[in-house]
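Read through the structure below, which is laid out as structure tokens, and then see the notes.
Because the structure is a prediction, the values reported are computed rather than measured.
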Amino acid sequence: MSNGTGSWWSSLTQNPGVLGRIRRQWTWVVVLVLVLVGLILIAFGAWRWGAGAIGVGMIVSGVFRTVMTSPGILVIRGHKWIDLCFYYGLGVAIVVFAIIVPNPAPV
């Protein structure tokens, strides 16, 4: 599998394929998984937990954008502060709304 110059995993940078692309964009994959979990929870009726998972996904993307020098596709604009305001603002708003919206009255 290896040609002697490195591991098969590091050789994916020369010929990326699907695994190489996922490896380079792992931050986006993590956020996407959190959002998909949220959507599945919402589909099964646990809308508070689902909205919370989506909000946490946005906050996690903000953390990635804050601490990483090259977070891949999570860079929306050239100015980091715009991305951070968007990610943290939307994430916190979704989590807060998931907490404070009352349950519907029983029929």
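- Within the structure, salt bridge (charged side-chain N to carboxylate O under 4.0 Å, His left out) pairs that include any residue of residues 38-62 do not occur (at least two apart or interchain).
- We find the CG-CG distance between Leu39 and Leu34 to be 11.0 Å, quoted to the nearest 0.5 Å.
- The distance from the OG atom of Ser61 to the CG atom of Leu84 is 9.5 Å, given to the nearest 0.5 Å.
- Listed by first and then second residue, the salt bridge (charged side-chain N to carboxylate O under 4.0 Å, His left out) pairs that reach into residues 29-45 come to none, sequence neighbours excluded.
- For residues 98-107, no pair satisfies salt bridge (charged side-chain N to carboxylate O under 4.0 Å, His left out), with sequence neighbours left out.
- Nearest approach of Ile42 to Ile54, heavy atoms of both residues: CD1-CD1, 4.0 Å.
- Ile40 and Val30 are assigned to two separate hydrophobic clusters, defined by single-linkage of ILVMFWY side chains at heavy-atom distances under 4.5 Å.
- Within the structure, ring pair (Phe, Tyr, Trp, His ring centres under 6.0 Å) contacts touching residues 38-60 (residues at least two apart or in different chains) do not occur.
- Pairs of residues two or more places apart, or lying in two chains, that qualify as ring pair (Phe, Tyr, Trp, His ring centres under 6.0 Å) and include a residue from residues 51-72 are Trp26-Phe64.
- For Ala98, the side chain to side chain contact (heavy atoms under 4.5 Å, CB included) partners at least two apart in sequence or on another chain are Ala51.
- Counting only residues at least two apart or in different chains, side chain to side chain donor-acceptor pair (under 3.5 Å) contacts with residues 80-97 comprise Arg65-Asp83, Thr66-Tyr88.
- Under a hydrophobic clustering in which Ile, Leu, Val, Met, Phe, Trp and Tyr are joined whenever their side-chain heavy atoms come within less than 4.5 Å, directly or via other members, Met58 and Ile82 fall into different clusters.
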